[in-house]
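Heavy-atom basis, side chains included; hydrogens, waters and symmetry copies ignored. From a predicted model like this one, the values you see are computed outputs, not experimental measurements.
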Amino acid sequence: MVGFFWLLSALVFLTLILHLAARFWFTPRATWMFDRLPWLPVSWYGPFGKGEDVEFFARDGVRLCGTYLATLQEYRRGILLYCHELNADRWNVRPIAELLRGRGFDVFTFDFRNHGTSDRIPGCEPSPWVTPQDVADVQGALDYLATRPNCDSPVVGMIGVGKGAAVAICSAAGDPRVRGVVAEGLYPTRPIGARLVGRFSRASWLAALLDRLVRCLDRWALFVLGCRRGNRFLDVERFLGLCCQPVLLVHGELDGHVPIAWLRLMHRRMARGSNLWIVRGAKHGAAAQTAAEQYASRVGRFLDRPLASSLPGHGGRPISPPAQRMESPVAPITTGAMPSA
């Protein structure tokens with residue numbers, strides 16, 4: 001009886017110590033780190049000379065702007081929805097748009113709210129973390145694609161870069177209209193846990209254990225930060241486990257912001273058919289620019305089966321009238337981080 005009392009007392013004391021450490025040491029530090037996460041630089045591209053410019057509305061009524069680019073082939077293999085990275089715009093699809101169109105895909109690219117020419121919403125400052133408003137933008141884009149006259153199938157594939165990759169994954173989870181996701185330069189919602197995984201990557205069991213221990217503390221820190229900013233942030237790691245669609249994780253070999261070990265850990269938790277591709281010589285979010293031809297080839301092969309199987313005859317559908325060709329891609333006109341809107 002005495003031994004049980006001392007054991008219970010020790011557990012209560014340990015719980016109290018952990019609670020105090022989380023509240024007065026870990027949470028302030030984690031919140032400070034989340035709040036001061038550096039915004040990664042993006043490349044800027046000029047607008048396309050051709051393409052159908054459209055306006056549509058997010059699920060919460062915000063006006064968004066996009067451009068629909070039809071395939072250059074006679075038969076369409078499917079429709080791809082592009083989600084740009086933080087502080088970029090719809091034209092960041094330009095390095096791969098021509099290649100994907102040449103492989104038989106229609107590409108729809110749009111500006112998230114407070115980006116590009118879409119509406120500016122006061123109090124909705126762009127953030128590296130995924131919010132319900134970001135998901136509402138993607139849901140509005142999916143709703144718009146389903147209403148197009150040339151939409152012969154309600155399903156699409158999604159390509160996201162940086163924050164756009166996280167938004168694509170959070171939006172695809174539970175949405176049967178999305179058949180596959182390509183996530184390039186995915187950034188973790190919980191960077192502290194990701195860094196621990198990278199530090200102890202040689203001991204995979206220890207990395208997984210540390211990731212689980214820090215998960216609840218990181219979520220609490222994000223909750224505190226969300227309360228301060230008057231918003232809610234979604235946990236992309238959690239949605240990766242909920243995403244039933246196959247996901248292709250594309251990561252630069254020279255990415256100094258996200259440990260490759262964390263991507264390998266996430267890959268083991270994803271749905272069957274998911275893949276991880278490490279692009280040699282590529283930095284964060286620059287896989288498409290570094291290996292454009294290979295990028296389009298791998299993305300096309302990855303998304304072709306789930307998209308083509310939804311079309312009549314499983315081989316695509318003829319396009320009428322024939323798509324107009326777009327001029328060749330050009331190099332980015334500027335490089336750097338865009339000031340917040």
Side-chain angles (χ1 to χ4, degrees), residues 51-71 76-86 88-93 96-97 100-101 104-119 121 124 130-184 186 234 236 239-240 242-248 271 299 302-311 317:
E52 181 186 352
D53 293 333
V54 301
E55 293 185 358
F56 61 99
F57 295 93
R59 280 283 178 89
D60 55 0
V62 177
R63 184 189 67 89
L64 305 176
C65 298
T67 300
Y68 193 92
L69 303 165
T71 178
R76 177 169 57 235
R77 307 297 300 181
I79 301 175
L80 304 182
L81 174 61
Y82 182 82
C83 301
H84 65 75
E85 54 190 318
L86 178 68
D89 58 24
R90 70 185 110 158
W91 309 122
N92 277 63
V93 74
I96 57 171
L100 292 173
R101 295 173 67 198
F105 293 100
D106 286 3
V107 179
F108 181 61
T109 179
F110 73 100
D111 297 329
F112 282 94
R113 67 185 68 195
N114 289 30
H115 290 79
T117 56
S118 293
D119 280 354
I121 307 300
C124 187
V130 181
T131 66
Q133 290 79 12
D134 298 319
V135 175
D137 291 351
V138 174
Q139 290 174 337
L142 292 171
D143 294 340
Y144 164 74
L145 289 175
T147 63
R148 285 187 59 87
N150 65 339
C151 181
D152 45 46
S153 175
V155 302
V156 302
M158 294 182 66
I159 300 177
V161 182
K163 179 185 176 180
V167 178
I169 289 173
C170 294
S171 303
D175 195 327
R177 297 175 297 181
V178 181
R179 290 295 179 89
V181 179
V182 176
E184 177 189 348
L186 180 66
L234 306 182
V236 65
F239 281 92
L240 270 172
L242 297 175
C243 192
C244 299
Q245 302 89 335
V247 178
L248 174 61
V299 167
F302 181 79
L303 294 176
D304 183 68
R305 177 175 296 180
L307 293 181
S309 63
S310 65
L311 296 176
R317 183 164 181 167

Roughly how far apart are [X] [atom1] and [Y] [atom2], rounded to 0.5 Å?
| X | Y | atom1 | atom2 | answer |
| --- | --- | --- | --- | --- |
| Leu303 | Leu307 | CG | CG | 5.5 Å |
| Cys65 | Glu55 | SG | CD | 4.5 Å |
| Leu81 | Thr109 | CG | OG1 | 8.0 Å |
| Leu240 | Ile169 | CG | CD1 | 4.0 Å |

Query raised in the report: Distance only, no hydrogens: is a donor on one side chain within 3.5 Å (strictly under) of an acceptor on the other, for Arg101 and Thr71?
Result: no
Report task. Test Arg179 against Val156 for side-chain contact (heavy atoms from CB on, under 4.5 Å), laying out the working first. Result -> CA-CA 6 Å; Arg179 290 295 179 89; Val156 302; over 6 Å; no
Query raised in the report: Charged N to carboxylate O under 4.0 angstrom, Asp143 versus Arg59?
Result: yes
Requested in this report: Considering only NZ, NE, NH1 and NH2 on the basic side and carboxylate oxygens on the acidic side, decide whether Lys163 and Asp134 come within less than 4.0 Å.
Outcome: yes
Taking the side chain as every heavy atom from C-beta outward, state whether [X] and [Y] have any pair of such atoms under 4.5 Å apart.
| X | Y | result |
| --- | --- | --- |
| Glu52 | Arg148 | yes |
| Ile79 | Phe105 | no |
| Val62 | Ile121 | yes |
| Glu184 | Ile159 | no |

Where [X] and [Y] come nearest, the two heavy atoms and their spacing:
| X | Y | value |
| --- | --- | --- |
| Cys83 | Phe110 | SG-CE2, 4.5 Å |
| Val130 | Ala166 | CG2-CB, 3.5 Å |
| Asp111 | Gly116 | OD2-CA, 3.5 Å |
| Leu69 | Ala97 | CD1-CB, 4.2 Å |
| Val135 | Cys170 | CG2-CB, 4.2 Å |
| Ala271 | Cys244 | CB-O, 3.5 Å |

**Report entry** Intermediate values then yes/no, side-chain contact (heavy atoms from CB on, under 4.5 Å), Tyr82 and Asn92
**Finding:** CA-CA 9 Å; Tyr82 182 82; Asn92 277 63; 3.8 Å; yes
**Report entry** CA sep, side-chain torsions, deciding dist, call: Arg177, Leu145, side-chain contact (heavy atoms from CB on, under 4.5 Å)
**Finding:** CA-CA 10 Å; Arg177 297 175 297 181; Leu145 289 175; over 6 Å; no
Any donor-acceptor pair under 3.5 Å linking the side chain of [X] with the backbone of [Y]?
| X | Y | answer |
| --- | --- | --- |
| Asp137 | Ala58 | no |
| Ser171 | Val167 | yes |
| Gln245 | Val178 | yes |

Query raised in the report: Checking Arg63 against Phe56: charged group under 6.0 Å from the ring centre and within 45 degrees of the axis?
Result: no
**Report entry** Single hit among Leu80, Val161, Val247, Leu248 for side chain to side chain contact (heavy atoms under 4.5 Å, CB included) with Val182
**Finding:** Leu248
Requested in this report: Just say parallel, tilted or perpendicular for the rings of Phe112 and His84, cut-offs at 30° and 60°.
Outcome: perpendicular
Requested in this report: May I ask you to check whether Phe57 and Tyr144 place their ring centres under 6.0 Å from each other?
Outcome: no
Query - Residues Arg90, Thr67; criterion side chain to side chain donor-acceptor pair (under 3.5 Å); working and verdict - result: CA-CA 8 Å; Arg90 70 185 110 158; Thr67 300; 2.9 Å; yes
